[in-house]
Amino acid sequence: MSNVLEVNHPVIDIYLTTLREKTTSTAAFRRAMATIGNILAYHALSSLPLKEFEIETPVQKTKGLTPASDVIVIPILRAGLSLVDGIINFIPEAKVGHIGVYRDEETHEPVNYYHNLPAGIENGYTLVVDPMLATGGSGSHAVKFLKESGAKNIRFVALIAAPEGIKRLQEDHPDVPIITAAIDEKLNNQAYIVPGLGDAGDRYFGTT
Ligand code: PRP
Ligand code: URA
């Protein structure tokens, strides 16, 4: 697990509890996801390259700093959208692209159904975001597609990751760091994360 950051923070523990609890309302679920998304963005952007430019304070000229490349957030639809609010609240300049991947309920294999990527992705600092890294099939598929589209500097942001998904993503894409709020125990025989939080998309969109 060399390229994995599990972010430990008391506020994450509090909001993860809200997200895992099955009686949590949709409103509270959304608020908790946004708060954790914000914290994960802080860590996922810790090596964002900056460039200098000159600014002028009311007192004198000094050095300013700005991103050296665009921050590009790519949620994996649908559930990845749940983390976007928290992330762009932290970095409002970020561009947001979309990849639509669903996991076939029988085979658990990823199926692509949509994409819309911002121009200049080759030079961007890209965060692929999805709350659940379960088998890793959807995540690995999305990262492969982004690489084929020119993206180079990619990080994967997941709320909860299963050891199986981490292994798969690291084997397929060892160059992609994973930033997560929790590494859970395992997958069950439906490939759901245990203890997890159930179906993240259904809970966030209120479609259960
Ligand atoms: C969920 C989740 C991930 C995927 C994870 O999406 O948001 O994209 O499953 O599973 P994996 O690691 O085994 O591929 P889902 O297919 O339920 O679609 P949704 O986002 O539209 O709800
Ligand atoms: N997708 C989810 O939404 N939850 C899981 O536990 C696994 C995949």
Side-chain angles (χ1 to χ4, degrees), residues 1 3-4 6 15-24 26 28-30 32-34 36-37 40-41 44 73-87 96-117 126-147 151 154-174 176-208:
M1 300 218 179
N3 219 358
V4 183
E6 184 185 25
Y15 283 105
L16 261 179
T17 303
T18 304
L19 291 166
R20 291 187 193 279
E21 168 57 53
K22 68 178 183 183
T23 60
T24 294
T26 304
F29 193 89
R30 288 175 176 162
M33 198 65 99
I36 297 187
L40 291 178
V73 181
I74 311 273
I76 303 178
L77 304 177
R78 259 180 330 164
L81 290 172
S82 63
L83 287 167
V84 172
D85 274 359
I87 295 173
V96 180
H98 297 88
I99 298 183
V101 180
Y102 71 85
R103 193 174 76 152
D104 184 282
E105 293 202 352
E106 308 256 300
T107 63
H108 307 136
E109 285 301 313
V111 182
N112 249 42
Y113 62 90
Y114 180 75
H115 68 266
N116 186 331
L117 304 180
T126 299
L127 306 182
V128 182
V129 308
D130 193 325
M132 309 308 274
L133 182 63
T135 65
S138 307
S140 177
H141 193 73
V143 170
K144 179 168 177 281
F145 177 79
L146 287 171
K147 285 183 174 174
I154 303 175
R155 278 153 188 74
F156 196 94
V157 178
L159 175 81
I160 301 179
E164 295 88 337
I166 291 174
K167 184 167 181 289
R168 167 86 187 263
L169 198 58
Q170 291 207 307
E171 278 171 6
D172 293 354
H173 304 288
V176 174
I178 300 170
I179 298 94
T180 186
I183 300 174
D184 271 10
E185 277 169 50
K186 58 178 180 183
L187 299 179
N188 67 15
N189 57 11
Q190 300 298 310
Y192 268 77
I193 300 177
V194 178
L197 52 70
D199 188 308
D202 279 347
R203 295 196 64 193
Y204 185 80
F205 289 106
T207 49
T208 40

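Indexing begins at 1, ligand by ligand and atom by atom, following the structure's order.
A salt bridge links Arg20 to Asp184: one of the charged nitrogens lies within less than 4.0 Å of a carboxylate oxygen.
The CD1 atom of Ile160 sits 7.0 Å away from the CG atom of Leu19 when rounded to the nearest 0.5 Å.
Proximity annotation for atom 13 (O) of ligand 1: of Ile160, Thr135, Asp199, Thr135 comes nearest, heavy atoms only.
For ligand 2 and Ala134, the ligand atoms under 4.0 Å from any heavy atom of the residue are 7 (C), 8 (C). Of all atoms in ligand 2, listed by their number and element, those nearer than 4.0 Å to a heavy atom of Ala191 are 7 (C). Under a 4.0 Å criterion applied to the non-hydrogen atoms of Ile193, ligand 2 contributes the atoms 5 (C), 6 (O). Of all the atoms in ligand 1, the ones that sit under 4.0 Å from a non-hydrogen atom of Ala79 are 7 (O), 20 (O). Heavy-atom contacts of Met132 reach the following atoms of ligand 1: 3 (C), 5 (C) (cutoff under 4.0 Å). Those atoms of ligand 1 that come under 4.0 Å of a heavy atom in Ser138, given as number and element, are 4 (C), 8 (O), 11 (P), 14 (O).
Of all protein heavy atoms, the one lying nearest to atom 5 (C) of ligand 2 is Tyr192 CD2, 3.5 Å. Scanning all protein heavy atoms for the shortest distance to atom 3 (O) of ligand 2 gives Ala200 N, 2.9 Å. Protein heavy atom closest to atom 22 (O) of ligand 1, with residue, atom name and distance, is Arg78 NH2, 3.0 Å. Nearest protein neighbour of atom 15 (P) of ligand 1, counting heavy atoms only, is Arg103 N, 4.3 Å.
Nearest heavy atom pair, residue Thr135 against residue Ala191, reads CG2-CB, 3.8 Å. Of all the heavy atoms in His98 and Tyr114, the pair that sits closest is CB-CE2, 4.0 Å. When all heavy atoms of Phe156 and Leu133 are compared, the pair lying nearest together is CE2-CD1, 4.0 Å.
Residue Tyr102 has no nitrogen or oxygen atom sitting less than 3.5 Å from a nitrogen or oxygen atom of ligand 1, judged on distance alone. Considering backbone and side-chain N/O atoms, Ala134 comes within less than 3.5 Å of an N/O atom of ligand 1.
Screening Leu127, Val143, Asn3, Ile178 for a side-chain contact (heavy atoms from CB on, under 4.5 Å) involving Arg155 leaves a single residue, Leu127.
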- [ ] Would you please test Lys167 and Glu171 for salt bridge (charged side-chain N to carboxylate O under 4.0 Å, His left out) and show each step?
- [x] CA-CA 6 Å; Lys167 184 167 181 289; Glu171 278 171 6; 3.0 Å; yes
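At a 4.0 Å heavy-atom cut-off, ligand 1 touches Asp130 through the side chain alone.
Of the possible donor and acceptor atoms, none in the side chain of Arg203 sits under 3.5 Å from a partner among the backbone N and O of Thr26. When atom types are taken as modelled, the side chain of His141 and the backbone of Val111 share no donor-acceptor pair closer than 3.5 angstrom.
Residue contact annotation: Ala162 has no non-hydrogen atom under 4.0 Å from ligand 2. A heavy-atom separation below 4.0 Å is found between Gly136 and ligand 1. Residue contact annotation: Gly198 has a non-hydrogen atom under 4.0 Å from ligand 2.
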